[in-house]
Amino acid sequence: MNQKEIDNEELLINLVKKGDQQAMRILYCRHIRYLSAVCSRYIYVEKDIEDVLQDAFLKILASIKSFEYRGEGSLKGWMTKITLNETLKFIKNNSRLQFVELKPAEMDKIDEEPNTEGIPPAVIHSMIRELPDGYRTIFNLYVIEGKSHKEIAVLLGIKADSSASQLHRAKAMLAEKIKKYNMLNSISRCKRIG
């Protein structure tokens with residue numbers, strides 16, 4: 001395997017399609033961190049993340065022959081979709097996603113946009129991970145993955161209204177966590193000044 005084949009994604013894919021073990025390792029090493037991050041938005045137990053990623057890579061390698069390269073980013077998008085599907089399958093099979101319908105009066109409340117300025121991304125990520133499974137799953141699918149409530153309903157086997165209500169609750173819970181964080185930080189700043 002030469003440097004040109006390693007650097008050129010399309011050539012690398014062709015080698016993977018031919019069963020080249022070194023090309024498979026390179027493909028894995030190139031994408032594992034990103035796909036791990038995708039998976040960890042939904043699942044937080046390290047062993048479960050490893051299991052899902054293993055299943056996802058087995059599926060990726062098993063179906064790579066059907067993959068059509070469409071330019072830079074197409075492979076990453078395709079691999080992300082497979083990983084996300086495997087992640088959601090794991091969640092549905094191993095988790096108790098509890099979806100609670102909101103009353104119409106609760107749905108009419110406007111989502112309050114909390115002030116996230118100055119909050120490190122790692123802290124926000126941690127807050128999202130602390131959301132209950134159902135809320136976190138819907139929030140990530142809607143906000144991060146850009147899925148519509150209709151798409152989420154199909155992916156999770158729920159009603160689109162359930163998706164919307166879970167997102168509303170997730171945002172409210174996240175806003176509360178952000179307010180608490182900002183309040184605690186302002187108190188500790190005052191103590192340092194005073």
Side-chain angles (χ1 to χ4, degrees), residues 1-99 121-148 151-158 162-163 166-167 170:
M1 200 172 175
N2 63 43
Q3 193 62 41
K4 183 180 178 190
E5 291 169 322
I6 292 171
D7 292 340
N8 184 308
E9 193 172 62
E10 190 170 15
L11 292 175
L12 182 66
I13 293 165
N14 287 332
L15 288 170
V16 172
K17 286 181 179 184
K18 291 176 185 171
D20 185 298
Q21 295 292 314
Q22 186 180 1
M24 288 179 193
R25 275 191 297 280
I26 291 169
L27 180 74
Y28 176 86
C29 290
R30 221 174 248 171
H31 295 281
I32 189 63
R33 286 187 66 194
Y34 175 77
L35 297 176
S36 182
V38 168
C39 191
S40 70
R41 285 195 290 251
Y42 300 89
I43 302 169
Y44 51 87
V45 176
E46 199 61 41
K47 170 98 175 69
D48 294 340
I49 293 170
E50 290 170 10
D51 289 346
V52 169
L53 288 173
Q54 181 179 338
D55 290 344
F57 262 98
L58 288 172
K59 189 163 265 184
I60 287 165
L61 294 174
S63 56
I64 192 95
K65 288 184 179 176
S66 66
F67 172 72
E68 282 184 49
Y69 185 74
R70 294 194 171 108
E72 196 172 322
S74 62
L75 176 64
K76 185 177 184 180
W78 179 74
M79 292 173 72
T80 300
K81 185 176 181 181
I82 290 172
T83 303
L84 180 60
N85 287 338
E86 287 300 306
T87 301
L88 295 176
K89 186 167 86 175
F90 175 86
I91 289 170
K92 285 194 281 189
N93 292 338
N94 297 293
S95 172
R96 290 174 188 81
L97 292 180
Q98 296 177 341
F99 299 110
V123 172
I124 292 175
H125 179 71
S126 177
M127 289 176 185
I128 294 168
R129 285 183 74 156
E130 291 170 359
L131 293 172
D133 290 346
Y135 295 179
R136 183 179 63 251
T137 300
I138 301 286
F139 181 86
N140 282 318
L141 286 170
Y142 188 86
V143 175
I144 309 293
E145 308 296 339
K147 303 282 185 199
S148 70
E151 291 170 312
I152 294 169
V154 170
L155 284 170
L156 299 178
I158 60 174
S162 295
S163 175
Q166 299 314 294
L167 177 65

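What you see is a predicted model, and the numbers here were worked out from it, not measured in a lab. Along the sequence shown, residues are numbered consecutively beginning with 1. Any value given below was found using the heavy atoms of this structure, including those in side chains, with hydrogens, waters and symmetry copies removed.
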With sequence neighbours excluded, residues passing side chain to side chain donor-acceptor pair (under 3.5 Å) with [X]:
{"X": "Ser148", "answer": "Glu151"}
{"X": "Gln54", "answer": "none"}
{"X": "Thr83", "answer": "none"}

Original post:
Residues in side-chain contact (heavy atoms from CB on, under 4.5 Å) with Lys81, at least two apart?
Top reply: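 Residues passing side-chain contact (heavy atoms from CB on, under 4.5 Å) with Lys81: Asn85.
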**OP:** Can you sort out the partners of Ser36 under side-chain contact (heavy atoms from CB on, under 4.5 Å), two or more places apart, ordered by chain and number?
**Re:**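 In terms of side-chain contact (heavy atoms from CB on, under 4.5 Å), with neighbours along the sequence ignored, Ser36 is linked to Ile49, Leu53.
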With a 4.5 Å cut-off on side-chain heavy atoms, are [Y] and [X] touching?
{"X": "Val16", "Y": "Ile26", "result": "no"}
{"X": "Ile91", "Y": "Asp133", "result": "no"}
{"X": "Ser163", "Y": "Leu141", "result": "no"}
{"X": "Tyr135", "Y": "Gln166", "result": "yes"}

Those residues that, when tested against [X], pass salt bridge (Lys or Arg N to Asp or Glu O under 4.0 Å) (two or more places apart):
{"X": "Lys47", "value": "Asp51"}
{"X": "Lys59", "value": "Glu86"}
{"X": "Glu145", "value": "Arg41"}
{"X": "Arg25", "value": "none"}

Euclidean distance, [Y] [atom2] relative to [X] [atom1], rounded to 0.5 Å:
{"X": "Ile13", "Y": "Glu9", "atom1": "CD1", "atom2": "CD", "answer": "5.0 Å"}
{"X": "Ile43", "Y": "Glu50", "atom1": "CD1", "atom2": "CD", "answer": "11.5 Å"}
{"X": "Lys17", "Y": "Leu12", "atom1": "NZ", "atom2": "CG", "answer": "11.5 Å"}
{"X": "Tyr69", "Y": "Asn8", "atom1": "OH", "atom2": "CG", "answer": "6.5 Å"}
{"X": "Leu75", "Y": "Thr80", "atom1": "CG", "atom2": "OG1", "answer": "9.0 Å"}
{"X": "Leu156", "Y": "Thr137", "atom1": "CG", "atom2": "OG1", "answer": "7.0 Å"}

Original post:
Short question: side chain of Arg136, backbone of Ile128 - any donor-acceptor pair under 3.5 Å?
Top reply: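 It does not hold such a pair.
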Subject >> Any donor-acceptor N/O pair, Lys89 side chain to Val52 backbone, under 3.5 Å >> reply: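 Checked: no pair found.
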Sequence neighbours excluded, which residues qualify as ring-ring contact (aromatic ring centres under 6.0 Å, His included) partners of [X]?
{"X": "Tyr28", "result": "Phe57"}
{"X": "Phe67", "result": "Trp78"}
{"X": "Phe139", "result": "none"}

**OP:** Work out which heavy atom in Lys92 is nearest to a heavy atom in Leu155; give both atom names and the distance.
**Re:**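 Taking every non-hydrogen atom into account, NZ-O, 2.7 Å.
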Subject >> Chi angles and distances behind the side-chain contact (heavy atoms from CB on, under 4.5 Å) call for Val38, Ile144 >> reply: CA-CA 10 Å; Val38 168; Ile144 309 293; over 6 Å; no
